[in-house]
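These notes concern the structure reproduced below.
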Amino acid sequence: MYKSHTCGELTAKHLDQEVTLAGWVHRRRDHGGVTFIDLRDRFGMVQIVSNTDLYPEAHKIMEPVRSEWVIQAKGWVRRRPEGTFNPEMSTGEIEVEVREVKILNPAKTPPIYINKEEEVDEQVRLRYRYLDLRKERMRRNLVLRHQVVKFIRDYLDRNGFLEVETPILFKTTPEGARDYLVPSRVHPGEFYALPQSPQQLKQLLMVAGVERYFQIARCFRDEDQRGDRQPEFTQLDLEMSFVEREDVMRLTEDLFTRLVAEIVPGKRVLESPWPRFTYDEVMRRFGKDSPDIRFGMELIDITDLAAGSGFRVFEEIAESGGHVRGIKARGLGDYSRRQIEELIEFVAQYAAKGLAYIALTSAGEQRSSFAKYLPEETLTEIARRFEAESGDLLLFVAARPEVTFESLGRLREFLGDRLGLRDPEALGFCWVVDFPFVVWNEAEKRWDPSHHLFTSPMPEDAPLLDSEPGRARGQQYDMVLNGYEVGGGSIRIHNRELQARVFELIGLETEVAQERFGHILEAFEYGTPPHGGIASGIDRICMILAGETNIREVIAFPKNQNARDVMAGAPSRVEDEQLEELHIELDV
RNA sequence: GGUCCCGUGGUGUAGUGGUCAAACAUGCCGCCCUGUCAAGGCGGAGAGCGCGGGUUCGACUCCCGUCGGGACCGCCA
């Protein structure tokens, strides 16, 4: 070993012990005859000091040392002179008086500061990710992620779960996201697909009698990136046999509640047990199936008032099946025309053609884009429903239901940010249940599963599959945290006839179903236990627990927005010979 | 496929038609300095403003294109 102790562990308990340390030079303060270095390793930091009067040779070696050089120092732990303690450092009471120094490796001047928290262009950070990861923020995030995963493993182990690895090279599933394909060398013209999730495999493990399975599973989806989406990401994937919806939810809730208490004790779980909402309720109240429940500003329906209100835009939409809904932004009543314009542009992103408003200024005046068309009693009723007071800004969207919900739901969170209503220390967990079993795909003129093919409908809704599929609910549950969907699962179909009925409903022909899912359908005939499970997004959960707003901050080596690894330069061209072996011709 | 924003020394920023062969901070280099902790003092090097074209007497600044990056829409069972 190059070190007898870590930099972070030294305290007054080690006074006058001889120690050997090794690490990176975090900062250097050269006073001529005496030089201080903050020596950093993964475990912390300690000040080492060399003095030319005491050990001239060591002092001389320290002279050329600069930031991020890797050195080894041997010396005694000393109490710092009175009045020179550094209360900012855990090791601030002591220092190491250096007798011997060895330069293990010099370092070029790093392109980014390691010893300073400063926003640096992300491309530079990613290009030199190994340096970026040395920084405190990234180190903290790596540690957090490790703790989260370790807690999950320990918890599930205690609860009888078996961690099973499933293949990375598997079979394409065209009905989901776009697959990453891997050409087969031994089978010209054929391809493996990287799993979008181990969904089928975990169900097969239930058939296999594993009963309680989990995996920290890497998943791959070839879709465009977002701040909370990477082409490869990690799920806690779990599945249980002989359970009902309630069992999976209870276990998941207990797991994460305990995890939060242990790993991020500073954070506050907003409500425990986690509140549960039906899909209809979250849409109506929050405009989003993954609501941020840390603040109010809920949507309010005025469709009934809009019909026959005298305001043509509202009337037409209300009479043609659209919705008119609004939210109240407290304290924004003095917004200028220009500031409101910005909000109009914001909702336009979500296909809202306009944003009507009533601004109640703090001076007690009313400005509005449409109030003049409305009779007094309608305005009074609107004010009553919103409990509007001076200083409030009421914002309305009139559109198709989906557009009304989405634009106001997004606007709500946008304004929640702006008004500082989204408490970063609070964790607003909730469940969303009773999702529609299928959704109508207008473009393809067919029903699509709203979760996935193997989700079971609510038992009492099974008859609806034949009469009114759109009204059937699935045995699905989504786990939501601070406005992000962080998990989703369902009770699966374990009955052959019901599965066939679902395939039929979503327009999957028998032969096609056989070709794609024959293996799993066959397996289901050999004694399948009732089962269900959940998959939660480790990256997103870590992101939220770390207080980050981008998933890349909790992934050691993430891809950029164009799915590129800018450090290694992947993807890259390959040799012609490699292509030939794979029987691939390029057309680019 | 689309919309919006950004690109100036190593890093972070300022400069938005001439006063800019570009300013500030930090980092880097040299010298001084024995108790600092973003050490301090003095001195110095380092970018011609992503790239190409255009407008203009004159472009870092305006316009077009392009490349790179980010946010979002589409997409993500």
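Letters A, B, ... are given to chains in the order of the sequence lines, protein chains preceding strands, and every chain is numbered from 1.
- Using a 4.0 Å heavy-atom distance criterion, A:R127 is classed as making no nucleic acid contact.
- Backbone-only contact: A:N550 has heavy atoms under 4.0 Å from sugar-phosphate atoms and none from a base.
- What separates NZ of A:K135 from C1' of B:rA38 is a distance of 14 Å, to the nearest Å.
- Using a 4.0 Å heavy-atom cutoff across all strands shown, A:T549 reaches no nucleic acid atom at all.
- Taking atom P on both nucleotides, B:rG7 is separated from B:rG43 by 33 Å, rounded to a whole Å.
- The CG atom of A:D228 sits 6.0 Å away from the OH atom of A:Y484 when rounded to the nearest 0.5 Å.
- If you check B:rA38 for Watson-Crick or wobble pairing at under 3.5 angstrom, you find it has no partner at all.
- Nearest-nucleotide assignment on RNA chain B puts the 5′-proximal partner with A:Q561, out of A:A177 and A:Q561.
- Spacing of C1' atoms, B:rU8 relative to B:rC24, comes out at 13 Å, to the nearest Å.
- Nucleotide B:rG74 forms no Watson-Crick or G-U wobble pair with any nucleotide shown, as no partner meets the under 3.5 Å limit on both distances.
- Pairs of residues two or more places apart, or lying in two chains, that qualify as ring-ring contact (aromatic ring centres under 6.0 Å, His included) and include a residue from residues 33-79 of chain A are A:H31-A:F36.
- The distance from atom CZ of A:R540 to atom P of B:rC76 is 14 Å, rounded to the nearest whole Å.
- Of the listed nucleotides (B:rC37, B:rG74, B:rG35), B:rG35 has the atom at the smallest distance from the side chain of A:E95.
- What separates NE2 of A:H26 from P of B:rG27 is a distance of 12 Å, to the nearest Å.
- In this structure, A:H31 counts as stacked on the base of B:rA39 under the 5.5 Å centre distance and 30° plane angle limits.
- A donor-acceptor contact shorter than 3.5 Å links the side chain of A:R221 to the backbone of A:Q196.
- For a distance-only test at 3.5 Å, the side chain of A:R80 qualifies as a donor-acceptor partner of the base of B:rC37.
- With a cut-off of 3.5 Å on both Watson-Crick or G-U wobble distances, the partner of B:rC62 is given as B:rG54.
- A:F346 places its CZ atom 14 Å from the C1' atom of B:rU3, with the value rounded to the nearest Å.
- Listed by chain and number, the residues in a side-chain contact (heavy atoms from CB on, under 4.5 Å) with A:V101 are A:A58, A:I61, A:M62, A:I71, A:V98 (sequence neighbours excluded).
- Look at the C1' atom in both B:rG15 and B:rA22: the space between them is 8 Å, to the nearest Å.
- A:K202 places none of its side-chain heavy atoms less than 4.5 Å from the side chain of A:F214.
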For nucleotides 5-15 of chain B, just jot down a letter per nucleotide in 5' to 3' order: B, S or -, based on protein non-hydrogen atoms under 4.0 Å. -----BBS---
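- For A:R410, the side-chain atoms get nearest to B:rC73 when compared with the rest of B:rC75, B:rC73, B:rG35.
- Residues that satisfy the side-chain contact (heavy atoms from CB on, under 4.5 Å) test with A:E63, not counting sequence neighbours, are A:R28, A:D30.
- Distance noted for atom C1' between B:rG9 and B:rA47: 4 Å (whole Å).
- The separation of B:rA14 from B:rA25, taken at their C1' atoms, amounts to 11 Å, rounded to a whole angstrom.
- The C1' atoms of B:rU13 and B:rG74 are separated by 36 Å, rounded to the nearest whole Å.
- Using a 4.0 Å cut-off between a side-chain N of Lys or Arg and a carboxylate O of Asp or Glu, A:R125 and A:E553 qualify as a salt bridge.
- Here A:T109 lies in heavy-atom contact (under 4.0 Å) with sugar-phosphate atoms only.
- Using a 4.0 Å cut-off between a side-chain N of Lys or Arg and a carboxylate O of Asp or Glu, A:E93 and A:R79 qualify as a salt bridge.
- Residue-level contact check: A:R552 touches the backbone only, with heavy atoms under 4.0 Å from sugar-phosphate atoms and none from bases.
- Aromatic rings of A:Y477 and A:F435 (six-membered ring for Trp) have centroids beyond the 6.0 Å cut-off, not under it.
- The base of B:rG70 lies outside donor-acceptor range of the side chain of A:Q123, with no N or O pair under 3.5 Å.
- Using Watson-Crick or G-U wobble geometry with both donor-acceptor distances under 3.5 Å, B:rC24 finds its partner in B:rG12.
- A:N86 comes within 4.0 angstrom of a nucleotide base, judged by non-hydrogen atoms across all strands.
- Tested against A:R552, the residues A:Q561, A:E122, A:Q230 include a single side-chain hydrogen bond (donor to acceptor under 3.5 Å, both in side chains) partner, A:E122.
- Residues from residues 215-238 of chain A placing a heavy atom under 4.0 Å of any atom in RNA chain B, listed by number, are A:R221, A:E223, A:D224, A:R226, A:G227, A:R229.
- Distance NZ (A:K288) to P (B:rC72): 12 Å, rounded to an integer number of Å.
- A salt bridge links A:E68 with A:R40: the closest approach of a Lys/Arg side-chain nitrogen to an acidic carboxylate oxygen falls below 4.0 angstrom.
- Taking atom P on both nucleotides, B:rC57 is separated from B:rG52 by 23 Å, rounded to a whole Å.
- Comparing the C1' positions of B:rG10 and B:rC49 gives a spacing of 16 Å, expressed to the nearest Å.
- Considering only residues two or more places apart in sequence or on other chains, A:A556 meets the side-chain contact (heavy atoms from CB on, under 4.5 Å) condition with A:L133, A:L142.
- Across all strands shown, A:P449 has heavy atoms under 4.0 Å from sugar-phosphate atoms exclusively, and none from any base.
- The nearest heavy atom of RNA chain B to A:K116 and to A:E88 marks one nucleotide each, and the one closer to the 5' end goes with A:K116.
- Residue contacts for A:N562: at a heavy-atom cut-off of 4.0 Å it reaches the sugar-phosphate backbone alone, with no base atom in range.
- Using a 4.0 Å heavy-atom criterion, one finds that A:Q349 contacts the sugar-phosphate atoms exclusively.
- In this structure, A:F405 has its ring center closer than 6.0 angstrom to the ring center of A:H323.
- What separates CD of A:E68 from C1' of B:rG27 is a distance of 13 Å, to the nearest Å.
- B:rG7 is paired with B:rC67 under the criterion used here, namely a Watson-Crick or G-U wobble arrangement in which both key atom distances are under 3.5 Å.
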